[in-house]
Amino acid sequence: MSSTTNRGFPGLADPNASGARKQRSRQPVPALASAVRGDSRASDACRASPHWLETCWFAALFFTYPGCALAGQYDYGAGFALTHDSNITRGSITPSCVNPPCAELTEALFAGIAYSERTVDLTARFLAQVERRNFVRNTYQDDTGYFLNGAAVWTITPQQLSWTVEDIATESLLNLTAPDTPANRTKTNSLSTGPEFAFRLNPVNQPIIGARYGRYDIQGPGDNQRYTGYARWLHRLSEPEKLSLNYEVTRVDFTPPALFPNFLRQDQFLGYETLSPLNSLIFEAGTTRVQRYGGDQTNGRLVRLAALHAPTSETAVRLNLSDQISDTATDLIRGVARVTSTMTPATPFESAAAVPLTGSNVTTGDVYRSQRGELIYVAQGRRIDYDLRAYTRRVDFVTLDQDYREAGGRLALTWIQTGSVRIYAYADYLKRTFPSLQERDTDRSSTLGVTYRFTSSLSVSAEGKLLKRESSVSLQSFTDSRVMLLLGYSTGPLYNAVSRR
């Protein structure tokens with residue numbers, strides 16, 4: 001149990017996925033299999049982006065490791081989305097939009113695959129998608145996005161030696177004070193991989209040592225590499241309960257030209273874990289020390305709590321609390337799918353466990369203190385499902401003068417009218433303040449949509465969305481009305497054919 005191998009309860013579930021699970025033996029997927037064989041077309045795709053290169057490498061791991069003929073489950077799909085925005089620049093000025101608001105029609109074509117396996121040798125799950133976006137009125141340049149969220153644990157020697165791979169590729173904000181537009185996003189990727197050795201002294205005591213190589217890649221300056229070593233002593237109180245003593249050390253080296261100095265991070269903490277089908281609790285407490293090479297030292301406490309409880313068979317409650325020193329790459333890798341969680345949650349307990357951590361993710365090489373609290377409530381009925389989320393967060397940077405506070409919430413409602421018709425609605429609220437900049441932004445959005453399924457694989461969705469920002473900064477307020485039509489194809493519930501931008 002640790003911050004390296006335990007992410008609390010994040011997940012990779014598509015809550016809107018539906019349909020029966022299909023059992024499939026693992027077969028070469030054309031694009032991924034081509035990458036493994038060295039096909040030139042696949043090689044060109046991998047060279048197109050460092051993030052896509054790591055996606056291809058991650059996929060190659062699954063299709064080439066010993067025993068790859070074992071049964072696994074996978075689904076794939078594709079889709080086309082047509083979206084109209086009444087104010088796509090959201091008040092900002094671009095060369096093709098000098099007098100906002102400017103309307104834009106966006107075409108998006110995407111394809112992806114999801115995979116899940118749980119065998120004696122390999123526990124793995126990932127979702128990968130590529131998306132091409134075309135701005136019809138040329139407000140922004142056409143672009144291609146690559147998305148990956150996956151984790152795998154290869155058991156080399158049972159209960160002794162294993163190898164872990166975690167990778168997440170997404171898009172992150174460049175400037176937290178600016179509106180969320182295509183120009184304010186950049187591609188980011190966080191990778192972590194390495195071995196773990198366990199030595200069982202007796203039935204209740206088990207020392208563990210491990211190492212991780214990690215890297216954080218961003219389209220722009222700020223890339224870094226991470227070298228982590230850790231040691232733990234696990235003591236089993238009972239079958240579901242564990243105590244642990246943990247020590248972790250990480251060296252972070254930035255790729256020149258670097259805006260921030262390299263640093264060494266050390267964490268020492270005690271951990272407690274109890275896991276059961278309807279109740280889970282993970283608690284960690286200790287200290288963190290960050291030493292910048294040629295700079296000052298930063299000390300802070302490390303406290304993390306993740307609790308999950310199912311009061312009834314139709315409801316579940318999840319609580320996350322943390323106070324720790326962190327950075328962008330560490331927060332990003334915490335969003336990786338938990339390798340042991342299901343990709344198709346069937347119960348409120350599984351759905352609550354699969355909800356990803358809420359909060360802003362901005363690209364920066366600075367270290368910061370992060371304090372956050374989050375509460376999630378999930379209810380599932382025969383035809384109506386809904387969930388409530390509320391969170392608050394405080395971020396204090398060590399170097400940058402961009403500290404901020406944010407608080408928000410979300411209400412999501414899904415009504416399954418018939419076997420082929422699903423109506424959904426979302427309401428989001430976020431208030432963010434920057435004390436040093438004397439700026440306060442309040443974002444509100446509301447969404448109403450309907451999905452009609454022609455067959456078990458083919459569906460069409462129509463969605464309307466209203467986004468509003470009220471800002472204390474002049475000319476930063478905006479309203480954007482969005483209408484989207486999406487045609488999606490998916491072979492099964494592991495992959496939900498939606499845009500992931």
Side-chain angles (χ1 to χ4, degrees), residues 14 16 31 41-42 44-56 76-97 100-114 127-149 168-175 178-189 217-220 332 335 361-363 426 445 447 449 451 459-467 478 480-490 495-501:
D14 282 322
N16 298 332
R41 292 171 294 177
D44 292 341
C46 290
R47 287 194 295 267
S49 165
H51 313 296
W52 189 237
L53 176 62
E54 293 178 5
T55 302
C56 292
Y76 56 89
F80 176 78
L82 188 64
T83 306
H84 179 270
D85 285 274
S86 65
N87 183 11
I88 193 170
T89 66
R90 299 179 179 176
S92 57
I93 297 176
T94 68
S96 57
C97 180
C102 296
E104 177 62 277
L105 190 64
T106 307
E107 300 171 339
L109 182 64
F110 57 86
I113 182 173
L127 190 152
Q129 180 165 304
V130 58
E131 183 170 338
R132 177 64 180 175
R133 185 167 56 179
N134 173 43
F135 298 95
V136 176
R137 299 176 184 174
N138 300 315
T139 306
Y140 296 102
Q141 292 185 348
D142 299 346
D143 59 13
T144 302
Y146 306 98
F147 303 90
L148 172 69
N149 191 323
I168 182 169
T170 185
E171 293 181 347
S172 302
L173 291 174
L174 289 169
N175 184 355
D180 185 1
T181 64
N184 193 30
R185 282 183 169 264
T186 188
K187 297 180 177 66
T188 55
N189 190 98
D217 293 290
I218 176 176
Q219 193 172 13
L332 187 61
N361 185 26
V362 62
T363 55
Y426 311 129
S445 67
T447 304
T451 298
S459 64
V460 62
S461 298
E463 178 181 294
K465 187 173 186 177
L466 180 64
L467 303 96
F478 67 84
D480 180 22
S481 300
R482 174 181 295 178
V483 179
M484 181 193 71
L485 185 65
L486 184 148
L487 180 65
Y489 171 82
S490 173
Y495 177 78
N496 192 21
V498 296
S499 171
R500 287 177 166 80
R501 291 183 181 269

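FYI, the numbering just counts along the sequence from 1. Please read these numbers as outputs of a predicted model, since none were measured by experiment.
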(request) Identify which one of Y495, Y146, Y76 satisfies the side-chain hydrogen bond (donor to acceptor under 3.5 Å, both in side chains) criterion when paired with Q129. (result) Y495

(request) Could you tell me whether a side-chain N or O of S96 sits under 3.5 Å from a main-chain N or O of T139, the two making a donor and an acceptor? (result) yes

(message) Restricting to non-hydrogen atoms, name the atom on I88 and the atom on T181 that form the minimum distance, rounded to 0.1 Å.
(response) O-CG2, 3.8 Å

(request) Report yes if the side chains of P100 and I93 come closer than 4.5 Å at any heavy-atom pair, otherwise no. (result) yes

(message) Looking only at the side chains, is there a donor atom on one of T188 and S172 sitting less than 3.5 Å from an acceptor on the other?
(response) yes

(message) I need the minimum non-hydrogen distance between P179 and F478, along with the two atoms involved.
(response) CB-CE2, 4.0 Å

(message) Could you measure the distance from the CZ atom of R482 to the OG1 atom of T106? Nearest 0.5 Å is fine.
(response) 8.0 Å

(request) Considering only NZ, NE, NH1 and NH2 on the basic side and carboxylate oxygens on the acidic side, decide whether E131 and R500 come within less than 4.0 Å. (result) no

(message) How long is the straight-line distance from CG of L105 back to CZ of R137, given to the nearest 0.5 Å?
(response) 6.0 Å

(message) Using every non-hydrogen atom in the two residues, find where A497 and A78 come nearest and quote the distance to one decimal.
(response) CB-O, 3.8 Å

(request) Please identify each residue that fulfils salt bridge (Lys or Arg N to Asp or Glu O under 4.0 Å) with E104, with sequence neighbours left out. (result) none

(message) Counting C-beta onward and ignoring hydrogens, is there a side-chain heavy-atom pair between L173 and R185 closer than 4.5 Å?
(response) yes

(message) Pair L486, F110 - check side-chain contact (heavy atoms from CB on, under 4.5 Å), show working.
(response) CA-CA 11 Å; L486 184 148; F110 57 86; 4.1 Å; yes

(request) State whether the number of non-hydrogen atoms from other residues, nucleotides or ligands found under 6.0 Å of E107 atom CD is greater than 12. (result) yes

(message) I need the single residue from R132, R133, K187 that forms a side-chain hydrogen bond (donor to acceptor under 3.5 Å, both in side chains) with D143. Which is it?
(response) R133

(request) Mark yes or no for whether D142, through its side chain, and F135, through its backbone, hold a donor-acceptor pair below 3.5 Å. (result) yes

(message) If I compare all heavy atoms of S481 with all of L466, which pair ends up nearest, and what's the gap?
(response) OG-CD1, 3.5 Å

(request) Answer whether the closest heavy-atom distance between the side chains of K465 and M484 falls below 4.5 Å. (result) no

(message) Quick check: closest heavy atoms across S86 and D480, and the distance to 0.1 Å?
(response) N-OD1, 3.2 Å

(request) With side-chain contact (heavy atoms from CB on, under 4.5 Å) as the test, would you mind laying out the steps for T170 and L332 before giving the verdict? (result) CA-CA 9 Å; T170 185; L332 187 61; 3.7 Å; yes

(request) Return the minimal non-hydrogen interatomic distance between A183 and Y140, and the atom names on each side. (result) CB-CE2, 3.6 Å

(message) Which residues pass the salt bridge (Lys or Arg N to Asp or Glu O under 4.0 Å) test with E463, not counting sequence neighbours?
(response) none

